[in-house]
Amino acid sequence: MIRAAALAFLLAGTAFSAQAQDLLIRGGPIYTGVEANPTAETVQVRGGRIAYVGPAAGAPDATGLEVVDLKGSAMFPGFTDGHAHLDGIGWRELTLNLEGSSSVADAMAKLAAWAQAHPEGQIVGRGWIETHWPEDRFLTAADLDAAAPGRMVLLSRADGHAVVASSAALTAAGIDGSTPAPTGGEILKGPDGRPTGLLVDAAEQLVARLTPQADPEATREAYRAGFRVEAAYGWTGVHFMSAPWKDIPLLEQMARDGEAPLRIYNSVTPDGAAELIAGGPRNVADGRIITRAIKYYADGALGSRGAALFAPYSDRPDTTGLMQITAEEIGPLYQAALRGGIQIATHAIGDRGNASVASWYASALEDVPPSERPNGQDVRWRIEHAQVLRPSDYAYFANLPIIASMQPSHAIGDLHFAPARLGDRRLDGAYAWHSLTDMGVIVVGGSDAPVERGAPLIEFYAAVARRDLQGFQGPDWRPQEAVDRATALKMFTLWPAYASFRETELGTIEVGKRADFTAFDVDLMTAPFADIPNGKATLTVVDGVIVHRAD
């Protein structure tokens with residue numbers, strides 16, 4: 001068992017960064033995130049740490065510092081994506097991207113073009129979502145077979161909780177009408193009893209071995225692509241959810257080799273749980289890659305009707321969704337994590353999924369007293385998404401407490417179908433950012449990319465406007481659950497730092513903290529809401545190193 005002092009030392013890292021640049025940053029509004037001193041005119045960085053924040057008059061001598069002129073851009077503490085899938089972001093750049101497809105026909109035209117341009121090997125893609133399509137249906141194997149005859153094709157739905165497989169892929173995986181669905185999964189079948197090609201939640205694992213992610217060099221290239229995309233968006237760090245345990249050594253080596261420009265906080269897949277608990281939290285390259293959490297799944301997603309609800313779906317009364325795990329299975333795992341000083345992050349979207357996880361957390365915390373935990377009371381367990389809650393369950397988050405890790409863009413995408421899925425009454429506890437923060441709950445903002453696009457400006461806009469990108473909200477979308485700008489800033493800066501046990505080093509622009517900054521060409525604190533998602537990141541700085549600068 002890791003002693004508390006040893007754990008604190010492990011996570012603190014050192015103050016030195018070999019690549020750090022000494023910088024003088026000025027020329028635009030600087031928002032510090034510090035309530036007592038919210039703005040500054042200039043920031044000085046020395047040795048990767050913030051050496052001065054404040055007015056230009058009276059600042060220390062800046063001789064030898066590289067001058068960074070913001071040219072009117074607004075600078076903030078480094079934005080951190082509190083929930084994303086770094087590998088998926090990279091693979092999205094390297095495989096067929098169906099984001100923005102307007103119909104089945106449009107998606108299949110893109111598949112046909114990709115198949116023609118890539119005549120060999122399997123075809124893997126992601127990003128389709130049917131909720132706004134005129135056909136109003138999921139993709140099927142027949143669609144894929146017509147667009148790419150004879151090819152092995154796997155196309156994941158945007159939320160990652162369903163995949164459609166071509167007939168060749170179904171055959172290769174041995175899936176037919178007699179194949180039983182695994183626990184927590186569904187194999188959709190037609191009236192003839194044959195699979196339609198759509199595999200939901202746990203059933204996706206039936207075709208997992210057919211994907212290209214097993215190639216180590218291809219995987220490294222996917223991570224390189226993911227880092228490039230995230231840095232260009234302005235993210236200085238990513239909380240990597242469901243980080244494959246097999247990829248942790250690769251990410252750590254990339255950091256040692258100087259190929260990890262951003263901070264990565266890993267919450268690993270359950271297959272690494274026993275080893276992580278036994279070995280304790282991992283920290284390499286001065287905290288550039290930290291691994292100290294395990295990600296579990298309680299239920300599925302709302303769009304594919306896998307989110308677990310107490311009452312049936314309003315638009316499909318024959319189902320209440322899919323639980324992925326039971327109390328008997330998860331209880332011992334949670335207790336082992338507590339005793340090993342490992343953080344837990346559990347995916348829960350439906351009201352039944354969230355209530356179940358909250359009650360399981362309460363039981364584990366009761367069964368393992370603080371004296372048996374390296375972190376004592378300070379465990380900082382999280383629920384990922386916390387998307388649909390019963391208002392009566394808010395108290396779990398406030399009292400245990402539980403960190404609510406939420407993705408604002410889900411609300412502005414889901415507003416077009418969630419009312420039909422849930423009915424009006426359940427919307428009272430849906431995407432309830434304001435209600436939770438009002439109770440003192442830490443709400444960590446993220447993007448869930450590649451489920452969503454992953455741009456911080458879209459996420460910030462969604463949090464404060466609670467409207468889709470065309471300005472639509474709808475009469476029943478609970479506008480009072482939007483948050484103010486200061487709260488939204490915390491959701492992407494200070495609160496992700498807290499959720500990764502690093503609030504003393506990250507999350508605000510203060511002397512002594514690490515020099516992580518994000519600058520945008522739109523001032524998030526004053527610009528009209530509609531202007532925010534149209535901006536871009538102009539500067540991304542990590543440990544005093546400029547990892548992205550717009551032309």
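We number each residue from 1, following the sequence as shown.
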For Glu135, salt bridge (Lys or Arg N to Asp or Glu O under 4.0 Å) partners two or more places apart: none
Could Asp476 and Arg425 be called an ion pair, given the rule that one side-chain N must be under 4.0 Å from one carboxylate O? no
First locate atom OG of Ser405, then atom CD of Gln407, and finally report the distance between them rounded to the nearest 0.5 Å. 5.0 Å
Gln324 side chain to Gly300 main-chain N or O, any donor-acceptor pair under 3.5 Å? no
Tell me whether Glu481 is salt-bridged to Arg466, with the criterion being a basic N under 4.0 Å from an acidic carboxylate O. no
Counting only heavy atoms not in Gln480, do more than 12 fall under 6.0 Å of its CD? yes
With no hydrogens and no angle check, is any side-chain donor or acceptor of Arg380 less than 3.5 Å from a backbone partner on Ile403? no
Lys/Arg-Asp/Glu bridge criterion (N-O < 4.0 Å) met for Glu252, Arg282: yes
With sequence neighbours left out, which residue pairs that include part of residues 185-209 fulfil the side chain to side chain donor-acceptor pair (under 3.5 Å) condition? His161-Asp201
Salt bridge check: are Arg228 and Glu93 linked by an N-O gap of less than 4.0 Å? no
Backbone N/O of Trp128 and side chain of Ser101: donor-acceptor pair under 3.5 Å: no
Between OG of Ser267 and OH of Tyr296, what distance do you get to the nearest 0.5 Å? 9.5 Å
Hits for side chain to side chain donor-acceptor pair (under 3.5 Å) against Thr269, two or more places apart or cross-chain, chain-then-number order -> Asp271
For Tyr297 and Ser242, does a side-chain donor sit closer than 3.5 Å to a side-chain acceptor? yes
What do you reckon, are the aromatic ring centroids of Tyr431 and Trp477 less than 6.0 Å apart? yes
Could you tell me whether a side-chain N or O of Arg220 sits under 3.5 Å from a main-chain N or O of Leu250, the two making a donor and an acceptor? no
Listed by chain and number, what are the salt bridge (Lys or Arg N to Asp or Glu O under 4.0 Å) partners of Arg426, not counting sequence neighbours? none
Taking Tyr265's backbone N and O only, do any of them form a donor-acceptor pair with Arg292's side chain (distance below 3.5 Å, no angle check)? no
Quick one: salt bridge (Lys or Arg N to Asp or Glu O under 4.0 Å) partners of Arg263, sequence neighbours excluded? Asp516, Asp543
Which residues share a ring-ring contact (aromatic ring centres under 6.0 Å, His included) with Trp114, sequence neighbours left out: His118
